[in-house]
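Single-structure report; data block below.
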Amino acid sequence: MADVDFDVIIIGAGQASVPLARALAEAGREVALAERKHLGGSCVNFGCTPTKAVISSAKVAHLARRAADYGVHVGAVEVDLEAVLARAESILQSSRQSLRSTLDEAGVRLIEGSARLAGRHGEAFGVQVGGETLRAGAVVLNTGTRTAIPPIEGLEALVEGGRVLTAETWLAQRTVPKHLAVLGGSYIGLELGQFYRRMGSEVTIFETAERIAAREDEDVSRALQALLEGEGVRFHLGAQVERVSAQSEGLELHLEGGERVAASHLLIAAGRQPNTDALDLSSVGLEPDDGGFLEVDERLASKVAGIWVAGDIRGGPMFTHTAYDDFEVLASQLLGEGERTAERLVPYAMFTDPQLGRVGMSEREAREAGFEVRVATYDMKANGRARALGEEDGFVKVVVDARTQKLLGAAVLAAEGAELVHVFVALMNAGAPYTVLDRALHIHPTLSEATKSVVKGLGA
Ligand SMILES: Cc1cc2nc3c(=O)[nH]c(=O)nc-3n(C[C@H](O)[C@H](O)[C@H](O)COP(=O)(O)OP(=O)(O)OC[C@H]3O[C@@H](n4cnc5c(N)ncnc54)[C@H](O)[C@@H]3O)c2cc1C
Ligand SMILES: NC(=O)c1ccc[n+]([C@@H]2O[C@H](COP(=O)([O-])OP(=O)(O)OC[C@H]3O[C@@H](n4cnc5c(N)ncnc54)[C@H](O)[C@@H]3O)[C@@H](O)[C@H]2O)c1
């Protein structure tokens, strides 16, 4: 290579990067991947992997406490947070190691350090990392996000003093907080809030919106709130926290209107901020939007030809499965026929217990988009498997286009809701009318019978 050191340099080892680096290297490209911390990014190191592992421990504690409901006596239930965290860490360590082996086997050059763009070098782009400037014909940015710190008086100082928990630091909290206050009632706040409650913390969630999981339909938000309240999680909705102050033990939240709430710990879960500010984007003529996200087209190309963007920093849905799908799009663009784009149906789930599996539009969104809709709901209490499992909470809701009989969206708030929603995902991807499901046979007794029962409620 006369003019470039690499064909492609990838900055950030997030969820698109490792498979992309491997695919490019296996296709004969010279590839470098720069990572400032750990392979696997947010998902592996503090996000999906450890949160879902500890949520599984919390579920065991919850079921053990309910053991008598099943005719089983286990005595007093104690949780050992250190052991719970150690289990999660061992799962994440093995994921991290397998990512390293993948890169090593593929012959990708892994560069440890914080990287930034360093202008154009003829046809190539410069990337500065680890004290050297490397050149590549193409650069992929996959640098992810970090906890956004809301502009609340006193909060920044508490963060700097290490007095609050964030998505990045919660694994370092090795004792059960006595009373955890949580800022934000969405994915992170609800999943981790329920986890700590089941570990034995008092938990109070402060949410600025009038309801939790505010993107969802009101019936879904309210049902989820009632289920969490049933376990003792407390909510302050429409809450404006104006100031936080350190106390000799813990801290105090000062709410608009004068109310004060004392807590031993505070978890900030009020959204994410893209890691684009340290990339020196302007050196190649790129500028992020006001929120720090980079605009891309459906090929994931940025406004500067040769610079591609993957994962959460491209705006839009922030999930591991969307970032992984970005890899498939980018592999097609950089190596293949270039036809694969990021036009996609994106399901998602909230891993509370019961889980909320979601795909497509909510009822509100469908009505706002002008569809004539038909809606049906089905209570999980009527499902035989849910009764046998002793997990009857929640319901399934479908929203159908009255004109075409096609599904516009579904919400499954149920045990294994994140699995069950895939019945609807498949139906929507096939573009099939809901009547296909109505006529299908489902095994009895299964939770998935509920996905058929709900469409029965739509009639012919
Ligand atoms: C607590 C939590 C739980 C989550 N749970 C789920 C879940 O259950 N399911 C789901 O689908 N999604 C979940 N997510 C979201 C998911 O983790 C992200 O959407 C996913 O990781 C995609 O991120 P990414 O690829 O954009 O970047 P990331 O995974 O954030 O990786 C970016 C990487 O870039 C590195 N980096 C940043 N700047 C530089 C630089 N200048 N130089 C070198 N390296 C750099 C970072 O160190 C990091 O390793 C969760 C997120 C959090 C925070
Ligand atoms: N199961 C999953 O797939 C999963 C799990 C965790 C995280 N994630 C991803 O991580 C992203 C971030 O999750 P998140 O829960 O931090 O953010 P979010 O953007 O989903 O929600 C933030 C919440 O905080 C509230 N809020 C904002 N400022 C506040 C304040 N000052 N006080 C109180 N509440 C405030 C908002 O109204 C909102 O409800 C999500 O977009 C999601 O894609 C996914």
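Each ligand, and each atom within it, is numbered from 1 in the order the structure gives. Only heavy atoms go into these numbers, but all of them, side chains included; no hydrogens, no water, no symmetry mates.
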> Any side-chain heavy atom of Leu141 within less than 4.5 Å of one from Leu281?
Replying inline: yes
>> As a quick check of understanding, evaluate salt bridge (charged side-chain N to carboxylate O under 4.0 Å, His left out) for Arg299 and Glu339, giving each step before the final call.
In response: CA-CA 8 Å; Arg299 301 170 305 136; Glu339 285 177 1; over 6 Å; no
>> If I apply the N/O under 3.5 Å rule, does Ile11 come out as touching ligand 1?
In response: no
> atom 33 (C) of ligand 1: which of Glu35, Glu168, His321, Met318 has the nearest heavy atom?
Replying inline: Glu35
> Can you find a heavy atom in the side chain of Leu266 that is under 4.5 Å from one in the side chain of Leu165?
Replying inline: no
>> Give me the residue, atom name and distance of the protein heavy atom closest to atom 31 (N) of ligand 2.
In response: Pro150 CB, 3.5 Å
> Which bit of Asp312 gets closer than 4.0 Å to ligand 1, counting heavy atoms only: side chain, backbone, both or neither?
Replying inline: both
> Which bit of Ala270 gets closer than 4.0 Å to ligand 2, counting heavy atoms only: side chain, backbone, both or neither?
Replying inline: both
> Contact between Ala269 and ligand 2, counting heavy atoms under 4.0 Å?
Replying inline: yes
> Tell me: protein heavy atom nearest atom 16 (O) of ligand 2, and distance?
Replying inline: Gly271 N, 3.2 Å
> Any N/O of Lys37 closer than 3.5 Å to an N/O of ligand 1?
Replying inline: no
>> When you measure from the heavy atoms of Arg116 to every atom of ligand 1, does any distance fall below 4.0 Å?
In response: no
> Who's the nearest protein heavy-atom neighbour of atom 21 (O) of ligand 2, and how far?
Replying inline: Ser186 CB, 3.1 Å
> Relative to atom 14 (N) of ligand 1, which among Ala16, Ala310, Gly47, Cys48 owns the nearest non-hydrogen atom?
Replying inline: Cys48
>> Could you identify the single nearest non-hydrogen protein atom to atom 41 (N) of ligand 1 and state the distance to 0.1 Å?
In response: Ala115 O, 2.9 Å
> Where does the angle between the aromatic ring planes of Phe319 and Tyr187 fall among parallel (under 30°), tilted (30 to 60°) and perpendicular (over 60°)?
Replying inline: perpendicular
> Less than 3.5 Å between some nitrogen or oxygen of Ile188 and one of ligand 2, yes or no?
Replying inline: yes
> Side chains of Val220 and Leu356: does their closest heavy-atom pair fall under 4.5 Å?
Replying inline: yes
> Taking both backbone and side-chain atoms of Arg272, is any N or O found less than 3.5 Å from an N or O belonging to ligand 1?
Replying inline: no
>> Just to be sure I read this right, does ligand 2 sit under 4.0 Å from the backbone of Arg215, its side chain, both, or neither, counting only heavy atoms?
In response: side chain
> Would you say Met318 has any N or O atom under 3.5 Å from an N or O of ligand 2, going by distance alone?
Replying inline: yes
>> Check for me whether Thr208 has a heavy atom closer than 4.0 Å to any atom of ligand 2.
In response: yes
>> Taking 4.0 Å as the limit for heavy-atom contacts, which would you say applies to Gln240 with ligand 2: side chain only, backbone only, both, or neither?
In response: neither
> Hey, is Glu207 touching ligand 2 through its side chain, its backbone, both or neither, going by heavy atoms under 4.0 Å?
Replying inline: both
> Starting from atom 12 (C) of ligand 2, which protein heavy atom do you reach first, and at what distance in Å?
Replying inline: Arg272 CG, 3.3 Å
> Hey, are the side chains of Leu155 and Ile149 touching, using non-hydrogen atoms and a 4.5 Å cut-off?
Replying inline: yes
> Given that the side chain starts at C-beta and the backbone is N, CA, C, O, which of these parts of Ala349 lies under 4.0 Å from ligand 2, counting heavy atoms, or is it both or neither?
Replying inline: backbone
>> Tell me whether ligand 1 is touched by Gly113 - counting only heavy atoms on the residue side and a distance under 4.0 Å.
In response: yes
> With backbone taken as N, CA, C and O and side chain as the heavy atoms from C-beta onward, which portion of Asn142 lies under 4.0 Å from ligand 1: side chain, backbone, both, or neither?
Replying inline: both
> Can you tell which part of Cys43 has a heavy atom less than 4.0 Å from ligand 1: side chain, backbone, both or neither?
Replying inline: both
>> Below the 3.5 angstrom mark, is there an N/O of Leu279, backbone or side chain, next to an N/O of ligand 1?
In response: no
> Any N or O of Asn275 that comes nearer than 3.5 Å to an N or O of ligand 1?
Replying inline: no
>> Give me each pair satisfying salt bridge (Lys or Arg N to Asp or Glu O under 4.0 Å) with a member in residues 185-197, each pair once, sequence neighbours excluded.
In response: Lys52-Glu191
> Are any side-chain N or O atoms of Glu35 and backbone N or O atoms of Lys37, one a donor and one an acceptor, separated by less than 3.5 Å?
Replying inline: yes
> Quick one: does Lys52 get an N or O within less than 3.5 Å of an N or O on ligand 1?
Replying inline: yes
> Does even one non-hydrogen atom of Ser114 get within less than 4.0 Å of ligand 1?
Replying inline: yes
> Does some non-hydrogen atom of Phe206 fall short of 4.0 Å from ligand 2?
Replying inline: yes
> Under the salt bridge (charged side-chain N to carboxylate O under 4.0 Å, His left out) test, which residues partner Asp325, sequence neighbours left out?
Replying inline: Arg340, Arg344
> Hey, is His38 one of the residues with a heavy atom under 4.0 angstrom from ligand 1?
Replying inline: yes
> Counting only heavy atoms, which portion of Tyr187 has something under 4.0 Å from ligand 2: side chain, backbone, both, or neither?
Replying inline: both
>> Evaluate Ser42 for polar contact with ligand 1, using N/O atom pairs at a separation under 3.5 Å.
In response: yes
